[in-house]
Amino acid sequence: MEFLWCLVVGVMTTCGVFLMLERHIVRFLFGMILISSAINLAIFVAGRLTRGNPPLIASDALLPAAGYANPVPQALILTAIVIGFGLLLFTLLLAYRAIKELGTADMDKMHNTEAGQ
Amino acid sequence: MNLFLLNILLAFGWMLLNGDYGSIDFTIGFLVGFFALLLTEPFRNKPNYGRKFWAALKLLAVFLYKLLTSSLQVVWDVITPTHLSHPAIIKVPLAVESDMEIMLLANLVSLTPGSLTLDVSADRRYLTVHAMFSQNEQSVIDDIKTTLERRILEVTRD
Amino acid sequence: MSSIIFRTSAHIVTVLMLVFSVYLLLRGHNNPGGGFIGGLIVVIAFALLMLAESPDYVRERLVYSPLAFAGFGVVLALLAGVLPLFFGQPFLTGLWLGKIGSPLLFDVGVYFAVLGSVLTILLNVEEELS
Amino acid sequence: MTDVMAFAINFAFAGLLASLALAFIRLCKGPSLADRVIALDLIAFISIGFIGVFTIYSNATAFMDIAITLALVAFLSTIAFARFIMRVSLSRADSSGEKS
Amino acid sequence: MTQWPLVLPVFIPLLTATACAFSFRSHKLSSVISWAGALANLCVALLLIQRVISQGLLVTAFGDWQAPFGIVFVADLLSASMVLITAIIGVAIVLYSTTDLRSKPFYAIYHSFIHVLLAGVMGSFLTGDIFNLYVFFEVMLITSFGLMVINANRQQVDGAVKYVVLNLISTMVFLLAIGLLYGATGTLNMADLNAKVALLPETTMMLIAGLFLFGFAIKASAFPVFSWLPASYHHLPSAIVALYAALLTKVGVYALIRVFTVVFDLVDSGYQPLLIIIAGLTMLTGVLGAASQFNIKRILSFHIISQIGYMLMGLAIYTPLAITGAIFYIIHHIIVKANLFLIGGFLQRRQGSDNLRELGGAYQSMPWLALLFLIPAFSLAGFPPLSGFWGKFLVIKASLQTDAYLLAATALFVSLMTIYSMTKIWAEAFWKPLPDNAAAPIALTRLENCLYIVPIVALAVITILIGLLAEPVYQLAETSAINLLNPERYINAVLGNMPEPGQISVLAAGESQP
Amino acid sequence: MQNRIPKLWLAFCVLLPLAIFLLVGASYKPPESLLRWSWIPSLGIDFSLRFDGLSILFASLISGVGFLVQLYAVAYMKPYKGRGAFHLYLTLFMLAMLGLVLADNLLLMFVFWELTTLTSYLLIGFNHEQEGSRKNALQAMLVTGSGGLALLAGLIMLGEMAGTYSISAIITQGAALSQHPWFTPSMLLILLGAGTKSAQFPFHFWLPGAMAAPTPVSAYLHSSTMVKAGVYLLARLLPVYGHSALWFPLLCGAGAFTALWCAIQAYRQTDLKLMLAFSTNVILGQLVMLIGIGSSYAVTAALLLIAAHSFYKAGLFMVVGNIDKATGTREYHELAGLRAVLAISFTAALVTAASKAGLPPSFGFLSKEYLYKAGLEFGWLLSATMLLANAIMVALALLIVIKPFLRPHHDKAAAMKAVEHNQLLWLPPIILALLSVIVPVALLNWYQGLVIDPAAKVMLATAQVKTVKLWTGINLPLLLSAATLLLGIVLYVVYPRLKPWLDRVMSKLPSGPAVYQQLLDAVVKLASWQTRLLQHGQLTQYSLQFFLVLLAFLGTVLWQLFPLPPIDWDLKYYDIILALFLVIATFAVVKAPTLLTAVAALGTIGFLTTLVFLVYSAPDVAKTQLLVETLIVVFIAIVLRHLSAANTVPRHSALRRLVHAGVAVGIGISISLALWIITAAPLNQEISEFYAQNSVSGGKGRNIVNVILVDFRAFDTLGEIVVVVIAALATVAVLAGKRINNMVADREHS
Amino acid sequence: MMDWVVASCLIAGVLFSFFSALGILRMPDAYIRMHSSTKAGTIGIGLIMVAAALHFQDISVTSRAVGIIAFLLMTAPVAAQLLGKSLLMNKYKMWRGHD
Ligand code: NA
Ligand code: NA
């Protein structure tokens with residue numbers, strides 16, 4: 001079943017990259033959200049998929065039920081999601097400020113800094 | 001007093017959620033609920049609540065019945081090839097006054113057949129309702145006022 | 001947004017969410033949940049309240065600046081980390097007193113850090129943009 | 001798992017996924033933002049239902065919490081969208097910031 | 001008690017940052033806290049390197065979960081010396097910021113961010129876990145975003161957009177690479193990865209290594225993925241750009257060095273020829289970029305890229321001598337580049353501009369500053385016996401030894417162009433008389449002057465010391481390089497009493513345990 | 001300001017060279033001695049000094065002439081600003097020069113070599129408020145600097161070949177090194193270094209340019225010190241590279257051509273200082289030629305010429321400096337009748353010019369005799385060239401003496417003022433003039449024993465050094481000397497007619513500075529072009545560039561992936577449908593007509609990924625993903641509310657979008673394949689096993705993921721909350737920034 | 001026996017959900033689509049939750065199911081009301097039937 005999700009990751013990445021190359025800064029952000037999701041999914045898939053057996057230990061057991069899902073990628077993704085969330089919020093509001101300050105949402109029109117080089 | 005009751009209810013809700021029933025859990029739940037209430041301070045203009053359990057249960061029963069029938073009515077309209085409805089936007093005058101009552105009525109109106117609350121007027125005098133089967137506007141208004149509003153008032157007023 | 005219906009239900013829903021968040025935080029060690037999820041639910045609760053009322057109303061309810069909560073959270077987490085060092089154990093080693101342990105303290109730190117931070121962003125966004 | 005349960009669960013999955021598909025079409029078709037938001041709201045509902053069914057299917061009760069969480073947040077996002085639509089109407093700028 | 005000196009380099013800055021943020025109402029209080037934190041950190045860094053020199057590699061496993069299960073901090077000579085240099089820069093920048101940023105509304109937050117950034121940098125240097133490295137990279141990244149936008153004007157916002165957009169690409173690729181690496185090996189500990197990566201099929205290994213190389217190359221601002229740096233650095237406040245210039249790209253290079261020695265073997269990964277080309281082009285494009293600029297900060301920004309090329313060159317050649325050179329170069333460059341930006345910032349503060357066309361007369365008005373400028377400038381240009389010469393000498397010698405003549409020639413040409421740039425700044429800002437249309441210099445108070453000059457002097461003295469006492473620094477770099485190329489010691493120290501690497505690999509190849 | 005220089009500092013600067021002169025002299029025990037301190041032993045770099053004939057010759061010239069120049073500068077620089085620094089630079093330069101000639105370690109020598117470049121830069125640009133000075137200083141820096149870099153490479157190669165950087169040790173290896181493949185390359189590189197420093201054609205032009213410096217600098221750098229560093233290096237390495245077949249033709253060719261070419265250039269000059277500068281080039285050419293010849297005679301001639309030139313050229317520069325001081329000009333046709341005010345300088349000029357012209361019994365005569373002797377061993381061509389060059393020297397010597405001093409003063413000539421009341425202005429040149437005569441007449445034996453014999457031995461193991469005599473009877477060299485004199489007089493006489501013709505011819509030839517400037521401009525132009533190309537400011541193009549590189553990284557490996565592993569079709573229908581929905585929603589984001597629609601689609605993706613995480617047993621991730629995605633959607637909705645419709649952005653051209661699509665698809669496929677290949681192999685679950693086993697016992701928790709987050713890998717989580725908190729602060733900053741900027745702007749307005 | 005009850009609850013719930021989705025697709029205007037999603041959706045999910053509660057018969061699941069239902073009853077109409085209000089403010093043109 002990993003194969004299917006490899007494909008989905010590929011599609012999400014493709015669309016994410018495509019959006020990240022667009023001129024509208026908000027659409028860039030959408031691309032970034034897509035790629036973040038794709039990468040989280042990729043990490044998840046890379047840790048192998050297990051159906052319906054979360055890595056929880058029953059209150060009367062010392063070990064999880066056999067065939068439990070790999071908890072490591074889950075923990076990694078959690079950290080990555082949170083970090084990505086912080087980065088994304090910042091980027092979103094930076095984009096807002098840039099649009100307000102520079103008067104355009106077009107990333108290619110934002111070149112005050114490199115003028116005169 | 002009502003806040004205290006609500007707090008106790010929250011504590012029980014806490015125990016329910018935890019699936020643990022002990023004095024420690026109750027205390028924790030109570031404290032958590034206490035702080036939650038402290039933070040949000042709901043029902044600032046609280047009316048004098050009566051404990052009208054019976055009225056409330058009746059309200060609930062009526063409501064569930066209406067919900068089911070209304071759903072079936074909608075489903076029927078959905079699955080039949082033609083659109084049966086005669087929609088209209090209707091202003092329903094209100095007898096209820098407090099925030100809580102208005103909310104309750106508005107939500108119940110939304111969840112019952114053929115009507116959907118769209119707005120409350122700024123002076124709280126009437127609800128704006130979208131009615132799906134409004135061949136006769138007055139019957140829609142009467143239906144809301146007699147079945148829902150009356151029963152709500154039974155619950156909330158002494 | 002000044003709808004009576006929304007405001008009234010938002011108050012109720014917020015209370016429920018706050019309770020739910022603490023519940024998720026405390027049981028997170030044994031069941032799905034934990035500081036981060038709990039913290040985010042607090043944020044959603046206050047987001048509702050903010051949408052129903054106003055950012056100022058939320059700030060008033062919170063008493064302290066949300067950033068202070070965030071700082072408090074970081075300090076708690078750092079404290080949970082550094083505590084074992086005084087017992088000659090490595091940074092962030094779990095110290096347990098019955099059911100209460102430094103990892104839980106750490107998780108509470110996460111809870112506060114997250115709710116403080118995201119609330120800060122939320123309130124600032126609402127205030128600065130309007 | 002009994003046959004009847006297996007059937008019910010399979011039926012549930014299929015039905016919910018079909019519902020999802022329908023909601024999807026509305027999401028893509030629009031035409032107004034409100035229509036899309038309604039679709040999104042319903043997708044959240046269907047997802048809650050899916051989680052319920054999946055909980056029964058997998059016997060992992062831990063998943064029920066996700067349903068609650070989903071219910072909580074779906075409400076918030078719908079409200080945020082509603083607010084957006086209101087604001088747009090207030091400022092009378094047609095489809096502001098929407099053209100890409 | 002080995003844990004303390006390993007943890008404190010991250011712990012102190014984080015605590016200091018929190019304290020600074022809480023004391024935002026009083027500039028004085030936050031300054032004092034910031035100074036205290038920076039100095040305490042310097043002491044810890046000194047203690048750490050002393051420990052490492054006397055006891056060898058230090059390892060602490062957080063939560064007492066041994067590697068490869070938990071996260072470890074490892075201080076080998078390289079890490080410890082990088083931490084020390086970072087702590088030195090920290091003190092210098094904090095002092096300088098006290099006056100340079102004093103009038104800014106977010107003064108305390110600046111200090112807070114500076115400390116978090118230092119924590120991120122030191123964490124990156126110390127960590128022995130690849131995912132933890134990612135986390136520290138993110139700490140650095142978000143902090144650098146923050147520092148970039150505090151009190152930002154139009155240009156800064158514009159630069160910040162580019163910086164953020166392009167760095168996010170790097171971050172994402174880095175994360176993806178870690179995910180794939182975990183999927184392929186089942187571990188995240190760098191020491192543990194060493195053996196497990198060796199068992200991977202070659203193509204898998206190359207794919208993952210390529211992703212790491214790409215991600216770190218952006219961080220290090222290597223050709224052709226350096227555009228974010230010249231687009232964003234030059235409008236930043238001087239203290240901040242000095243901090244960035246000194247540390248951020250170097251962490252990228254450090255990560256490249258660490259990952260492509262301990263985790264992947266650069267030669268085995270197949271990327272050595274490519275890296276050689278990248279190194280050469282990085283040097284060349286960077287220095288040419290500088291030659292076309294007329295603002296001090298822009299010139300210096302492009303020179304960061306160019307000098308990164310030298311460091312990459314050291315890594316690319318991949319002999320002990322070359323890596324020694326790279327490490328020597330990193331140490332030298334951190335000090336020197338920070339100092340140049342500090343001096344540029346001082347000129348800008350006095351003159352209100354860093355455009356060479358609007359500057360002049362500094363030789364007359366501030367002869368001592370002129371002298372102080374000469375030291376880092378000609379060190380950067382690779383004049384002996386200043387620190388930059390030895391780094392240059394080592395990498396060129398290494399490239400000649402490996403018959404990489406074109407690379408050596410490029411490095412020499414780049415060195416010449418660096419001389420050109422440095423003399424350009426010198427001639428225009430110091431020698432040239434002040435243009436008639438230029439504004440009169442701002443008079444600074446004695447204390448302000450002092451706070452500006454003390455860090456500059458200190459860094460200049462360190463530059464001279466590194467140059468004159470090159471032997472111990474060389475020893476340090478050489479030992480580090482040898483240990484990097486023979487990571488067994490590192491691996492054994494980290495994995496402790498784990499089974500032999502061979503046994504782990506058997507486990508890796510076989511079925512997972514029940 | 002300028003008069004406030006502490007006397008003590010001046011005294012120190014003057015006396016230091018004298019002290020060094022005496023110390024060096026006293027510590028010298030022929031034939032050679034060595035001092036060694038450890039510096040960077042790991043790199044084979046010692047601080048080792050070598051005292052032998054060659055180094056002692058240079059060291060004593062550097063310190064001796066240095067003393068006189070410092071003395072002269074005390075007087076000369078009096079009106080200059082910042083002359084304290086001038087003396088500092090001069091002293092530092094001298095120390096660097098001393099280090100260069102005394103070093104017994106190639107790299108130590110290089111250290112000093114570069115220090116002379118640096119300090120000479122400061123000296124040449126001393127009059128830095130004039131643009132010309134700055135430009136010429138840079139020119140000298142870049143030309144000698146580039147040579148220095150070549151030299152570094154050459155020295156490293158030489159050190160590698162020999163296995164040591166110790167000069168003594170390398171010299172003893174001598175011929176053995178010539179078998180090494182690096183022998184010739186390293187020689188060429190070193191020659192490049194020496195050639196630039198010693199201003200050999202085509203690098204000769206920086207030296208006249210360096211005349212922008214105050215005259216004491218010229219008297220020092222361009223007579224006895226810096227320009228001779230290259231000569232010194234060649235002499236030092238003669239035992240190593242003399243074995244090369246290229247050595248003789250290269251050095252003789254370059255040297256002879258430089259001598260002739262620069263002689264003609266010198267002949268054309270009207271500025272006395274420039275005239276001297278070009279004639280310095282001539283001597284340097286001759287010295288290089290002599291070392292290239294490398295015979296006993298040649299070595300002897302070189303050792304004589306080095307000293308002779310130092311004396312007379314330093315003296316002449318000082319004389320010209322005095323002329324400049326007295327009249328404010330150095331153009332000879334504006335000068336006349338200077339004998340009246342510069343009587344002592346005239347005497348010095350007379351003697352030093354005689355030495356320059358090679359009149360017996362001056363030092364110049366002696367060195368020229370030996371030059372001819374050495375040249376004659378190798379046929380007429382070299383000798384004829386030298387004869388022509390020397391004849392021009394004679395003409396110039398005549399010119400320098402006759403035009404300013406012996407012509408009667410006339411109206412058109414520049415006004416003069418008396419300057420010789422300051423003894424320090426005439427004392428040093430007269431001492432140098434005296435030395436030019438005394439050494440050949442009285443101290444020749446002493447010079448031979450102390451310098452020529454040991455130095456020749458060092459340079460040439462086989463040297464058969466004859467006793468140097470002023471008078472060796474009437475022989476061919478003497479006749480050539482006479483011919484030189486005659487020709488020189490002729491050239492002086494025809495000078496007025498020859499010069500215009502020469503100017504016409506030469507102006508058609510490319511000039512050194514012009515070529516240098518064109519080269520520099522070309523590099524700067526290339527730099528600007530490249531920077532415009534790479535740093536164009538178009539953000540999406542940068543992104544495209546980055547992604548293209550990523551694609552290149554992935555794509556090159558991709559071809560090697562085949563054959564691919566088999567596909568494991570263990571799928572449920574809801575897997576496929578979920579995946580399908582996810583894909584559709586993803587496309588919906590891309591195709592969405594409005595931003596808000598895209599946000600709605602993103603929200604859907606959030607719900608769907610939640611379901612995916614749910615289905616594959618990750619409840620914590622599902623919850624977090626859900627919360628985060630929802631909050632993101634909420635935040636975007638809030639932000640979009642406040643962006644106006646004015647922000648419509650045109651899309652890229654269709655072609656560009658096609659390229660984007662291509663890149664995106666390429667990257668997507670690569671990542672899919674990579675992930676597939678990785679997941680097709682079994683995973684080592686060692687670590688998750690460990691976590692599962694220790695979760696309850698060690699972590700006291702039953703949610704393994706949470707135990708990882710707060711215990712096993714809590715450190716990551718600590719970093720993560722730091723990121724979130726900083727993100728919050730940064731967001732506050734980015735949002736408040738505009739308001740604060742406006743506030744500040746308002747405050748400044750009011 | 002319980003299986004049958006659970007199964008019928010499930011199927012009924014899913015049917016309600018499906019019709020609600022069909023409704024938002026088929027209905028002529030946004031107001032009527034909201035009727036469909038709010039009512040049918042709520043009851044559909046409610047029934048599925050009842051099924052879950054009955055299936056597990058476990059206090060923690062039941063409490064959650066009840067919580068979800070209560071929460072939906074409380075929020076769904078509010079969300080619909082706000083959306084409706086926004087439509088009103090936008091002067092959204094209502095579908096008026098066939099006549
Ligand atoms: Na119908
Ligand atoms: Na209704």
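Quick note on labels: first sequence line is chain A, next is B, and so on, each numbered from 1.
Heavy atoms closer than 4.5 Å to chain D are found nowhere in Ser8(G), neither backbone nor side chain. With a 4.5 Å cut-off on non-hydrogen atoms, Ile11(G) touches chain D through its backbone and its side chain both. Leu27(D) does not touch chain G: none of its heavy atoms, backbone or side chain, sits under 4.5 Å away. Of the atoms belonging to Ala65(G), heavy atoms from both backbone and side chain fall under 4.5 Å from chain D. In this structure, the portion of Phe71(G) lying under 4.5 Å from any heavy atom of chain D is its side chain and not its backbone. Leu25(G) touches chain D through backbone and side chain together, each having a heavy atom under 4.5 Å away.
Distance check: Ser32(D) OG to Asn90(G) CG gives 8.5 Å after rounding to the nearest 0.5 Å. For the atom pair CZ of Phe18(G) and CG of Leu17(D), the computed distance is 11.5 Å after rounding to the nearest 0.5 Å. One distance of note links CG of Leu22(D) with OG of Ser20(G); it measures 9.5 Å at 0.5 Å rounding. Atom CD1 of Ile79(D) sits about 9.0 Å away from atom CG of Leu83(G), to the nearest 0.5 Å. Separation of atoms CG (Asp3(D)) and CG (Asp3(G)) is listed at 10.0 Å; rounding is to 0.5 Å.
For the pair Ile56(D) and Ala52(G), the tightest heavy-atom approach, listed with the atom from each and the gap, is CD1-CA, 3.7 Å. Across all their heavy atoms, Gly52(D) and Met49(G) have their closest contact at CA-CE, 4.0 Å. Closest approach of Ser19(D) to Ala21(G), counting heavy atoms only: O-CB, 3.4 Å. Closest of all the heavy-atom pairs between Met5(D) and Ala7(G) is SD-N, 4.3 Å. Minimum heavy-atom separation, Pro31(D) to Arg33(G): CD-NH1, 4.4 Å.
Heavy-atom pairs under 4.5 Å with chain G peak, among Thr78(D), Ile43(D), Leu42(D), at Leu42(D). Comparing Phe7(D), Phe13(D), Phe24(D), Phe75(D) by how many heavy-atom pairs each has under 4.5 Å with chain G, the most go to Phe75(D). Taking Gly13(G), Cys9(G), Gly41(G) one by one and counting their heavy-atom pairs under 4.5 Å with chain D, the maximum is reached by Gly41(G).
Residues Ile48(G) and Leu16(D) meet the side-chain proximity criterion, which asks for heavy atoms closer than 4.5 Å. No side-chain heavy atom of Tyr31(G) sits less than 4.5 Å from a side-chain heavy atom of Ile38(D). Counting only heavy atoms from C-beta outward, the side chains of Phe56(G) and Thr55(D) approach each other to under 4.5 Å. Residues Phe11(D) and Leu10(G) fail the side-chain proximity criterion, which asks for heavy atoms closer than 4.5 Å. A 4.5 Å side-chain heavy-atom check between Thr42(G) and Phe45(D) finds at least one atom pair inside the cut-off. You'll find the side chain of Leu82(G) stays beyond 4.5 Å of the side chain of Arg83(D), heavy atoms only. Between Asn59(D) and His55(G) there is a side-chain heavy-atom pair separated by less than 4.5 Å.
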Stepwise side chain to side chain contact (heavy atoms under 4.5 Å, CB included) check, Asp41(D) with Met34(G): CA-CA 10 Å; Asp41(D) 201 31; Met34(G) 280 198 304; over 6 Å; no

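A side-chain donor-acceptor contact under 3.5 Å links Arg26(D) to the backbone of Ile24(G).
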